[in-house]
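A short worksheet on the structure shown next.
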Amino acid sequence: MTVAAQGPCPCGRVDARRRPLPFAGCCGRYLAEFERTPAPDAEALMRSRYSAFVLEDAGYLLATWHPSTRPPEVGFEPGLKWLGLDVRDHRVLDATHAEVEFVARSRLAGRAQRLHERSRFVCEDGRWFYLDGEIE
Ligand SMILES: [Zn+2]
């Protein structure tokens with residue numbers, strides 16, 4: 001799947017006036033320039049990883065997965081369509097640890113699915129990584 005640079009970001013983030021942020025001004029810059037433009041906080045990283053799932057960007061998902069829990073590869077369910085992300089909570093525990101609770105909705109073979117997870121993130125050398133998550 002591709003996303004138009006000026007189209008709404010797959011993660012659904014809105015600005016102060018509740019207008020959708022364009023992909024290029026939201027997760028797009030983190031996906032496109034991982035080395036130079038790391039996501040600034042755990043919520044931004046979580047959102048960008050959701051967008052990477054939508055775009056099936058395995059390289060970004062692996063690069064933002066902490067090496068201690070990173071799988072050897074990331075697979076994508078054929079035919080799965082992501083429908084939206086709802087970030088419920090962004091809890092900053094300290095300068096280098098944070099949790100993000102979210103609900104991600106998808107559809108597979110006509111069936112609606114819902115992933116409700118509390119993810120843990122860790123920051124190392126100014127860069128946030130996904131560590132692991134608990135399904136709610
Ligand atoms: Zn986004």
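The shown structure was predicted, so the numbers you read here are calculated from the model rather than taken from an experiment. The residues of the chain are indexed from 1 along the displayed sequence. Indexing begins at 1, ligand by ligand and atom by atom, following the structure's order.
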Give me the number of protein N, O or S atoms whose distance to the Zn ion (ligand 1) is under 2.8 Å.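 Total protein N/O/S atoms under 2.8 Å from the Zn ion (ligand 1): 4.
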Would a 4.5 Å heavy-atom cut-off, applied to side chains only, mark Arg13 and Leu85 as touching?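 Arg13 vs Leu85: side chains apart.
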Considering only heavy atoms from C-beta outward, does the side chain of Leu115 approach that of Val103 to under 4.5 Å?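 When only atoms from C-beta onward are counted, Val103 and Leu115 do not touch, as no gap falls below 4.5 Å.
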Scan residues 98-129 for pairs that pass ring-ring contact (aromatic ring centres under 6.0 Å, His included), counting only residues two or more places apart or in two chains.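 Those involving residues 98-129 are His66-Phe129, Phe121-Tyr130.
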Just by distance, no angles: are the side chains of Thr37 and Arg29 close enough, under 3.5 Å, to form a donor-acceptor pair?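 No.
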Is it true that Arg118 and Asp89 make a salt bridge, defined as a side-chain N closer than 4.0 Å to a carboxylate O?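 Looking at Asp89 together with Arg118, the answer is yes, because their closest N to O distance falls below 4.0 Å.
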Are Arg107 and Trp82 in a cation-pi contact, defined as NZ or CZ under 6.0 Å from the six-membered ring centre and within 45° of the axis?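 Ring-cation test returns no.
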